[in-house]
2 protein chains.
Amino acid sequence: MTNSYKKSNTHCSDCSTKTCFVQQFCVTTWVGIINQSRNHSLYKKGQHIFREGDRVFGLYFIQRGKVKVVSTGLNGREQIVRLAADGHILGHRGFGSETYPVGAVAMEDTQVCFLDNATLEDVFINNPKFTYGLMMFYSTELRKTEVRLRCLAQMTLREKIAESLLTLKKIFGVNEEDGTLNVTLSRQEMADIAGTTAEQVTRELTNFENELLITKQGKKIVLLNADGLFNIIATHNVNKYFAV
Amino acid sequence: MTNSYKKSNTHCSDCSTKTCFVQQFCVTTWVGIINQSRNHSLYKKGQHIFREGDRVFGLYFIQRGKVKVVSTGLNGREQIVRLAADGHILGHRGFGSETYPVGAVAMEDTQVCFLDNATLEDVFINNPKFTYGLMMFYSTELRKTEVRLRCLAQMTLREKIAESLLTLKKIFGVNEEDGTLNVTLSRQEMADIAGTTAEQVTRELTNFENELLITKQGKKIVLLNADGLFNIIATHNVNKYFAV
DNA sequence: ATTGACTCCTGCGATAATGCAAGTTTCTTT
DNA sequence: AAAGAAACTTGCATTATCGCAGGAGTCAAT
């Protein structure tokens with residue numbers, strides 16, 4: 001937990017993460033101010049960025065990396081409620097309240113920027129577009145979460161796992177050359193997304209492989225036929241969610 | 001769909017719904033402006049306020065009533081993704097996008113106020129606290145939806161139905177005198193909340209009745225022992241969600 | 001009061017999903 | 001390269017949930 005916070009070499013205005021809210025929604029002078037105030041930090045794979053129950057001191061911005069947002073339930077069983085990549089925001093859930101209701105864990109080495117509450121207050125006041133952008137972000141996340149809620153409630157196991165694979169493709173993308181998913185996760189993590197058990201994930205991935213929908217290359221997964229996977233869930237009215 | 005929009009007799013500043021965002025977050029002069037711009041309208045029980053796929057023209061504020069927000073899936077099966085009462089906001093999901101990804105249906109006769117996009121733009125610019133308040137609203141909704149997501153993914157049938165009953169109590173409250181839930185819904189609607197079938201709801205409510213946790217008075221449900229219901233789901237770390 | 005429509009209740013067989021356990025592969029460390 | 005640990009796979013028995021179908025109760029209109 002003794003994480004070495006430090007200034008990044010890069011100035012916010014030179015940051016390569018163009019989807020960062022700071023660059024997108026803040027006026028020029030404020031990009032400079034924020035650059036001064038922010039803390040930059042690196043989290044190793046598997047490391048917690050924050051835990052459920054931690055006090056909320058501000059907002060995290062993912063500069064580069066992959067993060068899972070988890071909610072822990074019965075007997076420590078985890079549910080992944082969101083996946084986040086470059087430019088996404090973390091920690092907003094607890095924002096304004098006292099403690100985080102969810103935890104965030106780096107799925108690979110991840111660089112994040114942190115803005116404390118005091119700075120944020122100033123940013124909100126002086127950059128209305130930032131507040132507006134954040135509101136839109138929440139609205140979109142809410143919409144997506146509601147669709148996922150229905151998926152988990154109504155889909156069969158097979159459908160949930162197909163849906164998870166497509167979600168992973170959408171968020172992290174696939175390698176242009178060989179079609180492998182740009183993310184590596186354990187069977188248990190896939191189960192934590194789909195809301196099932198690791199054994200079931202194995203079974204269904206084997207089925208998908210036999211149906212030539214995917215290939216398993218060790219831990220890497222290749223989506224051979226994304227349209228075929230989508231057909232599995234097409235009757236569930238998830239089109240809007242995936243059509244972007 | 002030919003709903004008779006009309007001005008309400010009440011001025012916004014005299015409105016009894018004190019939790020309305022307009023009264024809470026807008027400066028005095030703007031309460032007047034909004035009062036001029038808004039449309040007021042009544043929806044009968046069962047009537048759609050908007051449907052999935054409708055164009056988004058603005059935001060709805062519930063003045064008085066009860067509304068279910070539904071997402072329709074396989075074979076028209078519905079999932080209730082949110083329940084809303086007095087002072088709550090509707091239609092925000094699609095806000096900024098083109099069409100509503102969910103529908104909203106009045107569960108009883110419901111009065112709503114409507115603000116169109118053009119007016120909202122002005123409100124956002126001139127009432128930063130309104131934008132901020134809306135952002136917080138989304139943030140809170142998102143948090144709640146995430147917890148519900150985990151509940152639907154991890155809980156047993158019995159637990160989901162106990163959770164649904166407690167959610168209903170929290171949102172709509174209970175009659176002080178006899179403890180009946182301040183809302184009447186069909187078995188199917190309860191199933192649409194819990195993510196199961198009407199038969200299972202019946203079975204489990206019968207179990208709860210035998211265990212003296214509830215009583216069924218026709219369509220009305222009396223929560224005899226809310227603590228007992230909570231015990232059923234206590235191991236799922238939902239405390240924060242219900243402790244308000 | 002009688003009818004009809006609707007919702008609710010309940011038993012039962014079919015199906016889906018789970019958990020365990022043993023075997024296999026893969027990865028890591030030395 | 002070998003050993004050990006961890007993750008993955010697979011079969012099987014158990015359990016949970018579903019869906020149908022028939023009966024019972026409720027409500028409203030005549």
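Predicted model, so just to flag it, every value in this text is computed and none were measured. The sequence lines fix the lettering, A, B, ..., with proteins before strands; numbering per chain opens at 1.
- Following rounding to the nearest Å, B:K220 (NZ) and D:dT26 (C1') show an atom-to-atom distance of 17 Å.
- A salt bridge does not link B:K66 to B:E189: none of the charged nitrogens lies less than 4.0 Å from a carboxylate oxygen.
- The pair B:E211-B:R158 meets the salt-bridge criterion, since a charged nitrogen lies less than 4.0 angstrom from a carboxylate oxygen.
- Distance, A:I161 CD1 to D:dC8 P: 13 Å, rounded to whole Å.
- Residue A:Q217 contributes atom CD, which lies 12 Å from atom P of C:dC27 at whole-angstrom precision.
- There is no side-chain donor-acceptor pair under 3.5 Å between B:T197 and B:Q200.
- If you measure from atom CZ of B:R187 to atom C1' of C:dC6, you get 14 Å, rounded to the nearest angstrom.
- Between A:E159 and A:H236, the side chains place a donor N or O and an acceptor N or O closer than 3.5 Å (distance only, hydrogens not considered).
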Checklist line | Contact pattern, 5' to 3', of nucleotides 12-24 of chain D - B, S or - by protein heavy atom under 4.0 Å | finding: B----SBBB----
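- For C:dC9, one of the phosphate oxygens OP1 or OP2 lies less than 4.0 angstrom from a side-chain nitrogen or oxygen of B:K216.
- For B:L205 and C:dT7, the CG to P distance is 17 Å, given to the nearest whole Å.
- Heavy-atom distances to DNA chain C give each of B:K219 and A:K219 a nearest nucleotide, and the one nearer the 5′ end belongs to B:K219.
- Between the P atom of C:dA16 and the CG atom of B:L74 lies a distance of 14 Å, rounded to the nearest Å.
- Contact of the A:L152 side chain with the B:L149 side chain is registered, since non-hydrogen atoms from C-beta on lie closer than 4.5 Å.
- Look at B:K160 and B:E163 and you find no salt bridge, because none of the NZ, NE, NH1 or NH2 atoms lies under 4.0 Å from a carboxylate O.
- The NZ atom of A:K45 sits 12 Å away from the C1' atom of C:dC27 (whole-angstrom rounding).
- The CD1 atom of A:I221 sits 15 Å away from the P atom of C:dT26 (whole-angstrom rounding).
- Distances shorter than 4.0 Å separate some side-chain N or O of A:T206 from OP1 or OP2 on D:dT10.
- Between B:K144 and B:E141 a salt bridge is recorded (basic side-chain N to carboxylate O distance below 4.0 Å).
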